[in-house]
Asker: 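Attaching a single structure in structure tokens format; questions to follow.
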Amino acid sequence: MGVVTEQDVFNSNFDGIVGLAYPGMADNGTKPLMDSMMEQGILADNVFAFYMSMNPEKEPSELVFGHYDEDRFEGDINWHDVKYKMFWNL
């Protein structure tokens, strides 16, 4: 479990996180990065994974496309269908 004690991401203008929105959320005429990579067949698997470092000065966070690093977690992954393909609702 983590606790957010401070944030400043939502205090400025931004468009999203690296094109991970579903197409229905993308700007008109644009294709999200993930959808583009899936259509091109350049991913080993159609997945992405985040690793959020607890100490970014010593170990950076990362975003990985096409696979996930089993060294970055313990236990099993519980997969869930996305129910509402706009906001990643499970």
Side-chain angles (χ1 to χ4, degrees):
M1 179 187 338
V3 177
V4 175
T5 58
E6 184 177 319
Q7 67 81 25
D8 62 1
V9 171
F10 299 108
N11 296 334
S12 61
N13 292 333
F14 69 98
D15 291 327
I17 302 175
V18 192
L20 298 179
Y22 275 97
M25 290 289 294
D27 287 336
N28 289 336
T30 62
K31 183 178 296 182
L33 175 65
M34 186 69 185
D35 288 78
S36 181
M37 290 190 295
M38 289 188 302
E39 284 183 11
Q40 294 176 52
I42 62 175
L43 302 171
D45 290 303
N46 292 335
V47 299
F48 61 88
F50 288 98
Y51 170 72
M52 307 303 268
S53 174
M54 296 298 287
N55 190 350
E57 288 81 29
K58 292 186 178 182
E59 182 179 32
S61 297
E62 64 185 23
L63 168 60
V64 179
F65 293 98
H67 70 281
Y68 54 90
D69 186 345
E70 293 183 3
D71 293 331
R72 295 290 195 185
F73 66 93
E74 295 178 9
D76 298 324
I77 293 179
N78 294 312
W79 298 96
H80 299 276
D81 292 334
V82 176
K83 297 293 183 185
Y84 182 57
K85 295 183 179 180
M86 290 286 279
F87 296 103
W88 292 98
N89 292 354
L90 304 178

Asker: Using a 3.5 Å distance criterion without hydrogens, assess whether the side chain of D69 forms a donor-acceptor pair with backbone atoms of D71.
Answerer: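 At least one qualifying donor-acceptor pair exists.
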Asker: Could you check F65 against L33 for side-chain contact (heavy atoms from CB on, under 4.5 Å), going step by step and ending with a plain yes or no?
Answerer: CA-CA 10 Å; F65 293 98; L33 175 65; 4.1 Å; yes
Asker: Is any side-chain heavy atom of M25 closer than 4.5 Å to a side-chain heavy atom of K85?
Answerer: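 The answer is no, as the side chains (C-beta and beyond) never meet within the 4.5 Å cut-off.
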Asker: E39 and K31: side-chain contact (heavy atoms from CB on, under 4.5 Å), yes or no, with the steps?
Answerer: CA-CA 10 Å; E39 284 183 11; K31 183 178 296 182; 2.6 Å; yes
Asker: Do H67 and L43 pass the side-chain contact (heavy atoms from CB on, under 4.5 Å) test, and can you show the C-alpha distance, the side-chain angles, and the key distance before you say yes or no?
Answerer: CA-CA 8 Å; H67 70 281; L43 302 171; over 6 Å; no
Asker: Do Y22 and M38 share a hydrophobic cluster, counting only Ile, Leu, Val, Met, Phe, Trp and Tyr and linking them when any side-chain heavy atoms are less than 4.5 Å apart?
Answerer: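 Yes.
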Asker: Do Y51 and E59 have side chains that get closer than 4.5 Å, going by heavy atoms?
Answerer: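 Yes. Closest side-chain heavy atoms under 4.5 Å.
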Asker: Taking I42 as the starting point, is it possible to reach L20 by hopping between hydrophobic residues whose side chains are less than 4.5 Å apart?
Answerer: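 Yes; I42 is reachable from L20 via cluster members.
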Asker: Which atoms form the tightest heavy-atom contact between D35 and P23, and what is the distance?
Answerer: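 Scanning both residues, the minimum pair turns out to be OD2-CG, 3.5 Å.
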Asker: Are S61 and S53 side-chain neighbours, meaning at least one heavy-atom pair lies under 4.5 Å?
Answerer: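 Touching, per the 4.5 Å side-chain cut-off.
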Asker: Could you please spell out the steps behind the side-chain contact (heavy atoms from CB on, under 4.5 Å) verdict for E62 and F50?
Answerer: CA-CA 6 Å; E62 64 185 23; F50 288 98; over 6 Å; no
Asker: For the residue pair F73 and Y68, establish whether any side-chain heavy-atom pair is separated by less than 4.5 Å.
Answerer: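 Of all side-chain heavy-atom pairs linking Y68 with F73, at least one is under 4.5 Å.
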Asker: Would you say V82 and V47 are hydrophobically clustered, going by side-chain heavy atoms of ILVMFWY under 4.5 Å?
Answerer: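 As far as the 4.5 Å side-chain criterion goes, V47 and V82 are not connected within one cluster.
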